[in-house]
Amino acid sequence: MCVCVLTGGDVCITGHDSGPVFEEQPSSVVYPEGLSKGTVTLNCQARASPAATYRWHVNGTKVPVGDPRYTLVAGNLVISGPQYGSDGGSYQCLAMNRCGTILSRVANLKFGYLHDFSGEGQSPQTAYEGAGAFLACQAPAHYPALSYRWFVNDFPSFVMPDGGRWFVSQVTGNLYLAKAEPNDTASYFCFTTINMDISTKSTFSKANQLTVQPDAPAIKVRFPAETYALAGHTTQLECFAYGNPVPKLRWRKVDGLLPSKAGASAEGPILTLPEMTFHDEGVYECEAYNSEGRDTHQGRISVQAQPEWLQVMSDSEVEISSELHWTCVAAGKPRPSIHWLRNGQPLSTQDRVEVNGGRLKVINLALEDSGMYQCVAENKHDTIYSNAELRVQVQAPDFRSNPVRRLVPAARGGQVMLECRPRAAPKPTLFWSRGTELLTNSSRVTVTPDGILWIHNISRADEGKYTCFAENYLGKANSTGHLSVRDATKITLAPSNADINQEENVTLQCHASHDPTMDLTFTWAHNGALLDLEDPTGPYHRVEGKETIGDLLIVNGQLSQAGTYSCTAQTVVDSASASAKLVVRGPPGPPGGLVVKNVAETSAELRWSRGYDNHSPIGKYVIMGCSPMSSGWRTMRTDPSNIEGNAESARVVGLLPWMDYEFQVIASNILGSGEPSMSSHTVRTQQAAPTVAPSGLGGGGGDRNELIITWTPMAREYQNGDGFGYILAFRKRNSPTWVVERVSNVESSRYVYSNQNLSPYCPFEVKIKAYNRKGEGPFSQIALVHSAEEEPTVAPSRINATALTAFEMQVSWDPVQHLSANGILRGYEIRYWRQHEREAAADRVRTAGLETTARVAGLRPSTRYHVTVLAYNSAGTGPDTHTVLPPPTHPPNRPPGNVFWKTDGSWVTVRWDHVKALDNESAVLGYKHEGQSALKVLDKGKTSVTLPLPKDNGYVVLEIRSWGEGGDGAAHETIVSRDSGETD
């Protein structure tokens, strides 16, 4: 048994005891200030044998566990009723047993609080319609950090983004408004919340009054970008802009590609970058843009990191009087500092101990050096601990755990190694004997200083017993093994070199002889890497046969499988190997060293070096290209158009100016096309003047005295350079003089020309071209665009309104001349209102097109109406022409009475009494009857009618009603048949 004696007399027993290892360490806690009845638990649990005991320190002094407010539960520290001022601080747990002591990480107990907002409200804020504004939160004192929201007028009517108009900064808490609207006038309240480990708390400000007034120009401002980030954490950058229309926002990384992990946040006010790495460090730019212009702001992100272990020490058992060397390495930004602890106490260079940053050296180890060691790395972001146990051993030689092998087989003609590794401290003296013969170094025998016996060129005479002796000042021991000599393994049929085309099969042979008392196995290696021959889906398979045959079948050979194949025939005592080369012919490998030079406006020169031809000459090359405007890689036009296999350069033509490109080169031979080269670095072609004109030229509409011209903004691939904009030229039709205007915003799609002398709906000839820093492009074809329409200046004439029924009238008029319409005549508008109403209450009916009559329904009976008719176009309605509709009356309400009929052969005569109209009914102007034949109208003097009877002896259902200016009266229905004398 080996023992380690610690200072103080405690004995740590090797193989039985173990020092503490933390399984749970305390974490920092934020506790609500003023909460007197709660508790805080700081966890600390360690694995150890014998079990660990625990002690706690706060701010470097021992925690008085005897105090009723402090309780130790296992290793956990429970603090009852934590108090601000007396319990806040940095806590550490010490776990200890007789093998040593370790110190936990630091856990901070802090107290969270959120005071109320100031009782004084802020001054009312005024914003102008269409302009931006902000309201300051001015949060009260607090810990930890707040989250911010705003509500309007009443809780919980929280402010929503509204398409980007509103934004709440989580850095300042301020509320920002991009473009004020009249309905934004209201009272706003800043609502703040803190989140602690066991509770949350919220409070809100006094009202912030915002009043929106009309008519002010738009302005733009930006948030500064945050410039600090911690590796592995999420970082958010804020950006907001004022503007009218509401600006859109987008982000880019100035000195590289924007990380894809930004996702949709790259098009919004908060750029979110999760799991920051050092690759994310750099300059970021926020761009705000709308139809009126753009603005940008830049900020740099510097990424820092908590300490992280790159190398740590491990538990060590070291013999007495030897040396200990431990190294620990930590990364972090700022660079971490490193110090060492032994049993919780600082270590420094003195006597036998040398401390040099992350390196610890202890010479002439003594038993008291045993214990628990900790390497501590810290920077301003965190502190981390690495633990290891050191055991200094003292022991007489002992072979019980690691004796010499009892039977050692060896092949004739080969070599064998016999190991002698007893447990002993200090290191013992070792020597070997065969029988009574002490073995020393000779031409066939070697004894190494660490006790290993080598025997070379073995023969049958070497069989026998071999004994290792070990001795130190504490005692002696020995262990014996038997050497057995066997026949050697030999390759009898070695694999031959082979040559195949890609995707062909090949078999490599391998046969061997061996000692018949031992099992023989075959293994294969490809370029030194052992092959898996048991995978049925893989390309390598054993060829089943005799035990002495180990052939290898390669299926569907690929270029990557070319190389050296080694067959090894092996027994437990020796092995024999043979190798062969396999050549696989296939498409060429990727060209290398691709560089792009002499980049011009529409071309670039590419140079590369030949790749492997894979044993078949390269026939030609193809150049592939990719740009932000393409959906993927595509074949590029080149000069020469066909690139021969011996070429190592070509020129790519037909490129777009001022465009980013990457290139690849692909080689091919008679067996196919190979893999592409690595992509070139991104290059941008030179700028050039635009070569095409904008499309979609048109316009029209707008307000009085305006000419509006519209077009489709030029896509990025046609801009050809920066400093991009548009040049508009327009003139009145048949005028010799062009007016030229410049529009400098690439995203603009309209231009408004205002002139008080501009005639309504005046035709203009318009053309457009693009320009950039390099020059101007061609003009587009001329388009005809009209200035804004104005309301018609002439009213329809000869208006006539006629009552059709008590509920409907017909209105007619003479049309206006088109030259008086001040634009395209869309139709006419009929306005009508009752005699005692104002015209503002008029109902309206519009006609579409050039109709000059219209019916108006839904009138009230016995009511006089005023009627006007106006011409209209897209600008509005013209002057009106007025007339009055006499009040329509009710139709006769009673049906004809005393109806009777009689037949005369095939005819029947029906008679009835005259209907007399009441005072509120229109006079009877006649009668209408409808039955077997169509509707007939009779004069008011006729009160009978003669009708033919049906020939099939059937009957007729006859309706008779009166009519007048107010419409048709009620009907009397009767059934007429050949049976006379009956009356309904």
Side-chain angles (χ1 to χ4, degrees), residues 399-423 430-435 437 439 441-448 450-470 478-495 508-535 538 540-553 564-580:
F399 281 99
R400 285 177 296 180
S401 61
N402 193 21
V404 174
R405 287 174 59 191
R406 291 193 175 185
L407 178 63
V408 183
R412 187 166 54 189
Q415 64 181 17
V416 69
M417 178 186 72
L418 286 77
E419 289 187 298
C420 179
R421 298 193 181 279
R423 292 178 62 90
L430 302 174
F431 56 92
W432 285 86
S433 71
R434 182 184 178 193
E437 178 188 2
L439 297 178
N441 290 340
S442 66
S443 60
R444 291 196 312 112
V445 176
T446 302
V447 180
T448 66
D450 57 354
I452 296 177
L453 171 64
W454 286 93
I455 304 175
H456 307 278
N457 193 20
I458 296 173
S459 66
R460 290 285 184 185
D462 293 320
E463 281 192 333
K465 292 184 178 180
Y466 291 80
T467 302
C468 176
F469 295 88
N478 64 75
S479 180
T480 300
H482 181 80
L483 177 65
S484 174
V485 179
R486 312 292 175 88
D487 290 338
T489 303
K490 297 180 180 178
I491 299 293
T492 59
L493 178 61
L508 301 179
Q509 294 181 310
C510 185
H511 299 183
S513 64
H514 68 296
D515 188 306
T517 65
M518 308 187 75
D519 292 332
L520 178 69
T521 59
F522 287 89
T523 59
W524 285 86
H526 175 221
N527 294 333
L530 196 65
L531 298 180
D532 180 7
L533 305 182
E534 308 303 326
D535 182 2
Y540 302 109
H541 304 274
R542 297 183 191 275
V543 177
E544 298 297 333
K546 296 181 180 180
E547 181 188 7
T548 58
I549 297 176
D551 296 351
L552 172 68
L553 172 63
T564 301
Y565 285 82
S566 300
C567 169
T568 300
Q570 186 170 4
T571 67
V572 295
V573 297
D574 71 338
S575 64
S577 298
S579 300

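Residues: numbered from 1 along the sequence shown.
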Original post:
Pairs in or reaching into residues 404-416: which pass salt bridge (charged side-chain N to carboxylate O under 4.0 Å, His left out), with residues at least two apart or in two chains?
Top reply: Arg412-Asp487
Subject >> Heavy-atom donor-acceptor pair, Gln570 side chain to Thr521 backbone, under 3.5 Å >> reply: no
**OP:** Before giving the answer on side chain to side chain contact (heavy atoms under 4.5 Å, CB included), spell out for Leu508 and Trp524 the whole-Å C-alpha distance, their side-chain angles and the decisive distance to 0.1 Å.
**Re:** CA-CA 10 Å; Leu508 301 179; Trp524 285 86; 3.8 Å; yes
Original post:
Counting N and O atoms only, with roles assigned by atom type, does the side chain of Arg542 sit under 3.5 Å from a partner on the main chain of Glu534, one being a donor and the other an acceptor?
Top reply: no
Original post:
Given Asn478, which of Phe431, Phe469, Trp432 fulfils the side chain to side chain contact (heavy atoms under 4.5 Å, CB included) condition?
Top reply: Phe469
**OP:** May I ask you to test the Leu531-Tyr565 pair for a side-chain heavy-atom distance under 4.5 Å?
**Re:** yes
Original post:
For His511 and Asp551, what are the C-alpha separation, side-chain angles and deciding distance, and is it a side chain to side chain contact (heavy atoms under 4.5 Å, CB included)?
Top reply: CA-CA 7 Å; His511 299 183; Asp551 296 351; 3.6 Å; yes
Original post:
Is the closest side-chain heavy-atom distance between Ile549 and Glu544 below 4.5 Å?
Top reply: no
Original post:
Thr571 and Arg486: side chain to side chain contact (heavy atoms under 4.5 Å, CB included), yes or no, with the steps?
Top reply: CA-CA 10 Å; Thr571 67; Arg486 312 292 175 88; over 6 Å; no
Original post:
Is a side-chain N or O of Ser566 found less than 3.5 angstrom from the main chain of Ala525, in a donor-acceptor match?
Top reply: no
Original post:
Between atom OG of Ser479 and atom CD of Glu419, what is the distance when rounded to the nearest 0.5 Å?
Top reply: 12.0 Å
Original post:
If you measure from OG1 on Thr489 to CG on Asp574, what distance do you get to the nearest 0.5 Å?
Top reply: 3.5 Å
**OP:** Count the heavy atoms of every other residue, nucleotide or ligand shown that sit under 6.0 Å from CG of Asp532, and state whether that count exceeds 12.
**Re:** yes
**OP:** Taking the side chain as every heavy atom from C-beta outward, state whether Val416 and Val408 have any pair of such atoms under 4.5 Å apart.
**Re:** yes
Subject >> Any donor-acceptor N/O pair, Trp454 side chain to Thr448 backbone, under 3.5 Å >> reply: no
**OP:** Might you work through the side chain to side chain contact (heavy atoms under 4.5 Å, CB included) test for Val447 and Asn441, ending with a clear yes or no?
**Re:** CA-CA 6 Å; Val447 180; Asn441 290 340; 3.8 Å; yes
**OP:** Measure the shortest side-chain to side-chain distance between Ile455 and Tyr466 over non-hydrogen atoms and say whether it is less than 4.5 angstrom.
**Re:** yes
Original post:
Taking the side chain as C-beta and beyond, is there a heavy-atom pair between Leu430 and Pro422 under 4.5 Å?
Top reply: yes
Original post:
Roughly how far, to the nearest 0.5 Å, is the CG atom of Asp462 from the OG atom of Ser484?
Top reply: 12.0 Å
Subject >> Test side-chain hydrogen bond (donor to acceptor under 3.5 Å, both in side chains) applied to Ser433 - qualifying residues, sequence neighbours left out >> reply: none
Subject >> Main-chain N/O of Leu439 paired with Arg434 side-chain donor or acceptor, under 3.5 Å >> reply: no
**OP:** Taking all heavy atoms of Phe522 and all of Ala569, pick out the closest pair and write down the distance.
**Re:** CE2-CB, 3.8 Å
